[in-house]
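Only one structure is covered here, and it is reproduced in the block below.
Note on naming: letters A, B, ... go to the chains in the order of the sequence lines (proteins, then strands), and numbering restarts at 1 for each one.
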Number of protein chains: 2
Amino acid sequence: MNISKVAKLTGVSAKTIRYYESIELMPEPMRAENGYRDYSDKDVDILKFIQSARKMGFALKDVGNLLQLWQNKNRASRDVRELAERHIKEVENRIFELQNIRDTLKNLVECCHGDDRPDCPILNSFVKENNCGCEET
Amino acid sequence: MNISKVAKLTGVSAKTIRYYESIELMPEPMRAENGYRDYSDKDVDILKFIQSARKMGFALKDVGNLLQLWQNKNRASRDVRELAERHIKEVENRIFELQNIRDTLKNLVECCHGDDRPDCPILNSFVKENNCGCEET
DNA sequence: TATGGTCCTTCCAGTAAGGGCAAGGTCAAG
DNA sequence: CTTGACCTTGCCCTTACTGGAAGGACCATA
């Protein structure tokens, strides 16, 4: 199977597949006589695994660890779970930060006339200590 | 005012201040006789503005636009508001994605024994079509 | 057989937003 | 006079890729 077929099967671009190989996340595939990469079904499974883990927001470093665990039949599910739990915490922290940003910006946008006039509580908020310039004007 | 003082005043590291200057986000400050950067109060205000906008999650490119608007006394608050609204949408999309990830992972973690045994629905989910391996085992 | 178009290969460079480190100049204190 | 704490520039490292150039390979058609 050549690289573009694998790309279609997995949804990972050829460029990215080569990149994963270069950082040794993927094993090196066989080579056809013409030098083209020649992938097996197992390679495709590995790539699908990587892609799934990426979609769950795991960093490539974590994906590498998950891949190790996946291929180690003596793994402890505890290790996988701990990795996932750490990741969940990071995701939740990020959600929290983004929600704060969203709430603050929504307040500011509501206060902003949004017309031809220059006065703008959004810009004001970047200068002053308080977060929302609503009470003035 | 030398760079480390400005760094303390604004919470932006000296390194980052120089970086902002290099990408022309900040104007070049005066130089003292010894070649050291010498910042004015206005420079500090600009940096504080940048820092505030960064804390709201705006990309440096957007921060540049906001800075232009801030310094243009003939600006229309509409332009600022539109920029902010676009950003809010991006933030909300990101929140949504992260919530999906969190929910999926939480389900998987709940299903995982998390002990010495290798069987793990989290890993399974990365291989199979369904998102949660809960129903099996 | 020439030609064109589409694949494949490698390597180089760039992105965002800085961090780290090195080599060298400066300054103030003891 | 020396030590430590600043400052300067410059270059590489990070994450997770993407784009492009230059050069082979393969296939169909005129």
Check this for me, if you would: do [X] and [Y] make a salt bridge, where the nitrogen-to-carboxylate-oxygen distance has to be below 4.0 angstrom?
X: A/Arg81; Y: A/Glu85; value: yes
X: B/Glu28; Y: B/Arg37; value: no
X: B/Arg117; Y: B/Asp119; value: no
X: B/Glu21; Y: B/Arg18; value: no

Please determine if a side-chain N or O atom of [X] lies less than 4.0 Å away from the OP1 or OP2 oxygen of [N].
X: B/Arg37; N: D/dT9; value: yes
X: B/Ser13; N: C/dG19; value: yes
X: A/Asn2; N: C/dC8; value: yes
X: A/Thr16; N: D/dA16; value: no
X: A/Asn34; N: D/dC26; value: yes
X: B/Arg54; N: C/dG18; value: yes

Is there a residue in residues 19-31 of chain B whose heavy atoms reach under 4.0 Å of DNA chain C, and which residues are they?
B/Tyr19, B/Tyr20
What residues from residues 87-101 of chain A pass a heavy-atom cutoff of under 4.0 Å to DNA chain C?
none
Using the rule side chain to side chain contact (heavy atoms under 4.5 Å, CB included), only one of B/Thr16, B/Val12, B/Leu60 pairs with B/Arg54; which is it?
B/Leu60
Which is it for A/Asp43 and A/Ser40 under the side chain to side chain donor-acceptor pair (under 3.5 Å) test, yes or no, and what are the steps along the way?
CA-CA 5 Å; A/Asp43 291 326; A/Ser40 69; 3.2 Å; yes
Take the angle between the ring planes of A/Trp70 and A/Phe49 and call it parallel below 30°, perpendicular above 60°, tilted in between.
parallel
Mind running salt bridge (Lys or Arg N to Asp or Glu O under 4.0 Å) on A/Arg31 and A/Asp38 for me, showing each step along the way?
CA-CA 5 Å; A/Arg31 293 282 179 158; A/Asp38 186 16; over 6 Å; no
